[in-house]
Enquirer: 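One structure is given below, represented as structure tokens, and several questions about it will come after.
All heavy atoms count here, side chains included; hydrogens, waters and symmetry mates do not. Proteins come first, then strands; the chains are lettered A, B, ... in the order of their sequence lines, and each starts at number 1.
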Amino acid sequence: MAAIAILHGLESITGRVPKLRKTAARPSVCLSFARFCGLHFCAHCAIGFANRIRRHRGPSMRLSRYFLPLLKETPKEAEIASHQLMLRAGMIKQQAAGSYAWLPLGFKVLNKIVKIIEEEQNRSGAIQLLMPTIQSADLWKESGRYNAYGKEMLRIEDRHERDMLFGPTNEEVITDIFRTYVKSYKDLPLNLYHVQWKFRDEVRPRFGTMRSREFLMKDAYSFDLDEASAIQAFYRMFVAYLRTFHRMGLVGVPMRADTGPIGGDMSYEFHVLADTGESAVFLDKRLVDKPIPEIDTDFRSDLTPIFKDWTSLFAATDEMTDEAGFKAAVDPEHQLAARGIEVGHIFFFGTTYSKPMKATVTGPDGQAVEVQMGSYGIGPTRLVPAIIEASHDEAGIIWPVSVAPFEAVVINLKVGDAESDKASERLYEDLKLEGIDALLDDRDQGAGGKFAAADLIGIPYQLIVGPRGLKEGQVEIKHRKSGERETLSVEEAVGRLKRLIVPQRRDSV
RNA sequence: CGGAGUAUAGCGCAGCCUGGUAGCGCACCUGCUUCGGGAGCAGGGGGUCGAGUGUUCGAAUCACUCUACUCCGACCA
């Protein structure tokens, strides 16, 4: 108690009490001191204590104190909807050609996407690590790619005039890590992945983060003793990818793809269908509604049936087929010619890197065997615009709940009105308490601007609180996607939102 | 890398042709009135006109050079 008194005394002396009262800092300090003193409450703050505990859960997301630079007009450099909307919604800022800063709202979405990717990679048995962005050229000289890669690779010289590079991909580094530590076939299979920034000095970056020079990539690398088990590793990633894109509210259609200079015939690209996609794609439309492998899929079992099931239906990019071939292969009633955004690419390439880099393990017969490898990429910084391309309207973005920067926004229509302030604060706190990722729009501005902002940034549910409804004890929920509005009592609102939101998180599908 | 274009306040633009020292809308700041779909009134702040060189008494404006960015094509998670 003495300590608390001293603390409050200091605050009084510095004259900062009124300011501190408005922040979370002071109650948490009080509580810490109270606990330190073995008390269950702070004598000084006893009034309204319960409310203060609530506020301590999670960061405060009050729009009046957030950093969300919205643009009313569309910057002229943006051509496609996703790029325009990401700029207008204050998600990104261009810093140079193909180089973007991720502002808080954009970063929040990016992180949700990365989290889903990590969960599904982990579920499939892959193990996360982190490799550097700047690599030594030596490994690339060893694999033969230092000269082969061309100007797309950003080459750097350090102070000792050593050749370095900003990694465009990580096969060399992961192979080096593997060969250093893994010596026995008993340690296989192994799949290591990371989520790390890449740089490819594209001739022409465009469409915002859809094709940027610096981009985030999840890249996984599998190592197996023989081709048969390597193919199983490939299937595991195939299934993980189906699940990953589905959880983001996307249909990621696997398509036979060109392996390019890597060779071999095991390569699939995952495409999100969108009018602005860069590739022409041809597919059997039954793939679009095909149920994805469920959460209890056993990744230690033989996944061949799932792979065969999915790949039995026709799907290919224009690199692999043409309209004539497509029409000959698919029943007319199932034909779908569309455009696609490539959001993932999986390769099996055998010993392409293990051979020149001498990545071998000792097999059961005591002989050294070059490991069979595959690599598997997903671009989170491309997924953000891909999701927007697939889901937006005239008013702005329509986020699927699973990747939405906020699941719900409480819109206080009349800031300064005692009833409206109190009810919206309370509803916001209750949503947080129920584990909903909520935002409170407590900015002192007109209702129209708030509705427009909520629509633009695409929050799935708007909880509209204003004096008019409160007179009847009512609030309104607007569904961003359908435009549907429902009026309900203040008491029912949080429960209703929770029942709407939780199933759409897709974290248990 | 081939072709085309743009550069004037944070964003969107006018002014350039015909040279005379920069303007509009939004945003921002102050005050008042407002507040259920991007409010109104009044006042205010902010610009080496992408950079450099040249022509000229005088350059955002004319000429040349450079740079950055965007679009179309070939390449890519």
Enquirer: Of the listed nucleotides (B/G37, B/C35, B/A77), which one gets closest to any side-chain atom of A/D455?
Expert: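 My answer, after comparing the listed nucleotides, is B/G37.
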Enquirer: Across the strands shown, which category fits A/T487 at heavy-atom distances under 4.0 angstrom: base, sugar-phosphate, nothing?
Expert: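 Result for A/T487 = nothing.
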Enquirer: What is the distance, to the nearest angstrom, from the CG atom on A/L87 to the P atom on B/C69?
Expert: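 It is 15 Å, rounded to the nearest whole Å.
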Enquirer: Whether the side chain of A/R206 and the base of B/G73 hold a donor-acceptor pair under 3.5 Å is what I'd like checked.
Expert: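 Under the 3.5 Å cut-off, the side chain and the base do not form any donor-acceptor pair.
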Enquirer: What distance, rounded to whole Å, do you find between the two C1' atoms, one in B/C72 and one in B/C11?
Expert: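 Roughly 26 Å separates the two C1' atoms.
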Enquirer: When the ring centroid of A/F234 is compared with that of A/F348, is the distance short of 6.0 Å?
Expert: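 Centroid separation for A/F234 and A/F348: 6.0 Å or greater.
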Enquirer: Just by distance, no angles: are the side chains of A/R62 and A/S64 close enough, under 3.5 Å, to form a donor-acceptor pair?
Expert: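 Their side chains do not contain a donor-acceptor pair, so the 3.5 Å distance test is not met.
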Enquirer: Taking the six-membered ring for Trp, are A/Y353 and A/Y221 ring centroids under 6.0 Å apart?
Expert: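 When the ring centroids of A/Y353 and A/Y221 are compared, they turn out to be at least 6.0 Å apart.
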Enquirer: Step through it carefully: locate the ring centre of A/H479, locate the ring centre of A/Y461, and say whether they are under 6.0 Å apart.
Expert: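 Yes, they do, as the ring centres are separated by less than 6.0 Å.
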Enquirer: Can you measure A/R443 atom CZ to B/G36 atom P for me and round it to whole angstrom units?
Expert: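 Nearest whole value for this atom pair: 15 Å.
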Enquirer: Nearest of B/G38, B/G37, B/C1 to any side-chain atom of A/R88?
Expert: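 Nearest listed nucleotide: B/G38.
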Enquirer: Considering only the C1' atoms, how many Å lie between B/G43 and B/U55, rounded to the nearest integer?
Expert: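 44 Å, rounded to whole Å.
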Enquirer: Atom CG of A/D444 to atom P of B/G36: distance rounded to whole Å?
Expert: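 It is 13 Å, rounded to the nearest whole Å.
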Enquirer: How many whole angstroms separate atom CZ of A/R200 from atom P of B/C1?
Expert: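 In whole Å, B/C1 P and A/R200 CZ are 20 Å from each other.
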Enquirer: Consider only side-chain N and O atoms of A/Q462 and A/D455, and report whether a donor and an acceptor are under 3.5 Å apart.
Expert: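 Judged by distance alone, the side chains do pair up.
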Enquirer: At under 4.0 Å, does any side-chain N or O of A/R204 touch on OP1 or OP2 of B/C71?
Expert: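 True: A/R204 side-chain N/O within range (under 4.0 Å) of B/C71 OP1/OP2.
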Enquirer: For atom C1', what is the distance between B/C1 and B/A9, given to the nearest Å?
Expert: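 Those two atoms are separated by 36 Å.
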Enquirer: What residue among A/F299, A/F270, A/F347 forms ring-ring contact (aromatic ring centres under 6.0 Å, His included) with A/F238?
Expert: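 Result for ring-ring contact (aromatic ring centres under 6.0 Å, His included) with A/F238: A/F270.
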Enquirer: For B/C1, does OP1 or OP2 lie under 4.0 Å from any side-chain N or O of A/K151?
Expert: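 For B/C1, OP1/OP2 do have a side-chain N/O of A/K151 under 4.0 Å.
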Enquirer: Any strand counts, and the cut-off is 3.5 Å on both contacts for Watson-Crick or G-U wobble. Which nucleotide pairs with B/G37?
Expert: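 Paired with no nucleotide.
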Enquirer: Classify A/T74 by what it touches in the nucleic acid, base, sugar-phosphate, or nothing, heavy-atom distance under 4.0 Å.
Expert: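 Sugar-phosphate: the residue A/T74, judged by heavy atoms under 4.0 Å, touches backbone atoms but no base.
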Enquirer: Looking only at atom C1', what distance separates B/U8 and B/U21, rounded to whole Å?
Expert: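 My reading of the C1' atoms in B/U8 and B/U21 gives 14 Å.
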Enquirer: Between the base of B/G37 and the side chain of A/R485, is one N or O donor paired with an acceptor at under 3.5 angstrom?
Expert: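 Side chain to base: pair present.
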Enquirer: B/A7 and B/U61: how far apart are their P atoms, nearest whole angstrom?
Expert: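 Taking atom P in both B/A7 and B/U61, they lie 12 Å apart.
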Enquirer: Counting only Watson-Crick pairs (N1-N3 plus N6-O4 or O6-N4) and G-U wobbles (N1-O2, O6-N3), all under 3.5 Å, who is the partner of B/G73?
Expert: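 Partner of B/G73: B/C1.
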Enquirer: At 4.0 Å (heavy atoms only), tell me whether A/D417 reaches a base, stays on the sugar-phosphate, or touches nothing.
Expert: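 Result for A/D417 = nothing.
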Enquirer: Does A/Q445 place a side-chain N or O at less than 4.0 Å from the phosphate oxygens OP1/OP2 of B/U34?
Expert: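 The answer is no; no side-chain N or O of A/Q445 sits under 4.0 Å from OP1 or OP2.
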Enquirer: When rounded to the nearest 0.5 angstrom, what distance separates CG in A/L250 from CD1 in A/I113?
Expert: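 These two atoms lie 8.0 Å from each other.
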Enquirer: Can you tell me the Watson-Crick or wobble partner of B/U65, both distances under 3.5 angstrom?
Expert: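 B/A51 is the nucleotide pairing with B/U65.
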Enquirer: Any idea which of B/C76, B/G36, B/C71 is nearest the A/R382 side chain?
Expert: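 Among the listed nucleotides, the one closest to the side chain of A/R382 is B/C76.
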Enquirer: Rounded to whole Å, how long is the line connecting atom CD of A/Q94 with atom C1' of B/C71?
Expert: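 Interatomic distance, CD of A/Q94 to C1' of B/C71: 13 Å.
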Enquirer: Just call it for A/G449: base, sugar-phosphate, or nothing, with non-hydrogen atoms closer than 4.0 Å on any strand.
Expert: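 A/G449: base contact, heavy atoms under 4.0 Å.
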Enquirer: Which nucleotide, if any, forms a Watson-Crick or G-U wobble pair with B/U56, using both distances under 3.5 Å?
Expert: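 No nucleotide pairs with B/U56.
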Enquirer: Taking any heavy-atom pair under 4.0 Å as a contact, classify A/R213: base, sugar-phosphate, or nothing.
Expert: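 Contact class for A/R213: none.
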Enquirer: To the nearest angstrom, how far is A/E319 atom CD from B/C76 atom C1'?
Expert: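 It is 9 Å, rounded to the nearest whole Å.
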Enquirer: Using the P atom in both, what is the distance from B/G23 to B/C29, to the nearest Å?
Expert: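 Their P atoms lie roughly 23 Å apart.
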Enquirer: Using a heavy-atom cut-off of 4.0 Å across all strands, would you classify A/I464 as base, sugar-phosphate, or nothing?
Expert: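 Here A/I464 touches the bases of the nucleic acid.
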Enquirer: With rounding to whole Å, what would you report as the distance between B/G47 and B/G31 at their C1' atoms?
Expert: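 The same atom, C1', in both gives a distance of 27 Å.
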Enquirer: Does the structure show a Watson-Crick or G-U wobble partner for B/G25, both distances under 3.5 Å? Name it, or say none.
Expert: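 Matched B/G25 with B/C11 under the 3.5 Å cut-off.
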Enquirer: I need the NZ-P distance between A/K450 and B/G37, as an integer number of Å.
Expert: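 The distance from NZ of A/K450 to P of B/G37 comes to 13 Å, rounded to the nearest Å.
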Enquirer: Relative to the 5' end of RNA chain B, which residue comes earlier, A/G448 or A/E214, by the nucleotide with the nearest heavy atom?
Expert: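 On the 5' side of the pair lies A/G448.
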Enquirer: If B/G45 has a Watson-Crick or G-U wobble mate with both distances under 3.5 Å, name it; if not, just say none.
Expert: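 B/G45 is paired with nothing.
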Enquirer: For A/K93, answer base if it contacts any base atom (sugar-phosphate contacts may also be present), sugar-phosphate if it contacts only those atoms, and nothing otherwise; contact means non-hydrogen atoms under 4.0 Å.
Expert: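 The answer is nothing, as A/K93 stays clear of every strand by at least 4.0 Å.
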Enquirer: Mind checking the P distance from B/A27 to B/G40? Whole angstroms is fine.
Expert: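 Going atom to atom, P in each nucleotide, I get 9 Å.
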Enquirer: Give one of base, sugar-phosphate or nothing for A/K76, where a contact means two heavy atoms less than 4.0 Å apart.
Expert: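 Counting heavy atoms under 4.0 Å across all strands, the contact made by A/K76 is with sugar-phosphate only.
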Enquirer: Just checking A/E269: base, sugar-phosphate only, or nothing, at a heavy-atom cut-off of under 4.0 Å?
Expert: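 Nothing: the residue A/E269, judged by heavy atoms under 4.0 Å, touches no strand.
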Enquirer: Once the angle between the rings of A/F282 and A/F326 is folded into 0 to 90°, is it parallel (under 30°), tilted (30 to 60°) or perpendicular (over 60°)?
Expert: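 The rings of A/F282 and A/F326 sit tilted, inter-plane angle from 30° to 60°.
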Enquirer: Indicate, with a heavy-atom threshold strictly under 4.0 Å, whether A/L71 touches base, sugar-phosphate, or nothing.
Expert: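 Here A/L71 touches no strand at all.
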Enquirer: Do A/K112 and A/D437 touch side chain to side chain, with heavy atoms closer than 4.5 Å?
Expert: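 Contact flag for A/K112/A/D437 side chains = yes.
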Enquirer: How is A/G416 classified with respect to the nucleic acid when contacts are heavy atoms under 4.0 Å: base, sugar-phosphate, or nothing?
Expert: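 Since no nucleic acid heavy atom lies under 4.0 Å of A/G416, the category is nothing.
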Enquirer: Mapping A/K478 and A/L216 to their closest nucleotides on RNA chain B, which lands nearer the 5' end?
Expert: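 With A/K478 and A/L216 compared, the 5'-side residue is A/K478.
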Enquirer: Is there ring stacking between A/F215 and B/A77, where the centres must be under 5.5 angstrom apart and the planes under 30 degrees?
Expert: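 Yes.
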Enquirer: So what does A/E202 hit on the nucleic acid, given a heavy-atom distance under 4.0 Å: a base, only sugar-phosphate, or nothing?
Expert: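 Base contact.
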Enquirer: Just name whichever nucleotide pairs with B/C16, Watson-Crick or G-U, keeping both distances under 3.5 Å, else none.
Expert: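 Its partner is none (no Watson-Crick or G-U wobble pair with both distances under 3.5 Å).
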Enquirer: For B/A27, does either OP1 or OP2 sit under 4.0 Å from a side-chain N or O belonging to A/K72?
Expert: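 Checking B/A27 against A/K72, a side-chain N or O does come within under 4.0 Å of OP1 or OP2.
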Enquirer: State whether A/Y146 and A/R155 meet the cation-pi test: NZ (Lys) or CZ (Arg) under 6.0 Å from the six-membered ring centroid, and within 45° of the perpendicular axis.
Expert: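 The answer is yes, since A/R155 meets both limits relative to A/Y146.
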Enquirer: For A/V415, report the nucleic acid contact type (base, sugar-phosphate, nothing); a contact means any heavy atom under 4.0 Å.
Expert: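 Nothing, no nucleic acid heavy atom in range.
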Enquirer: Expressed as a whole number of angstroms, how long is the span from A/E278:CD to B/C76:P?
Expert: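 Roughly 12 Å, once rounded to whole Å.
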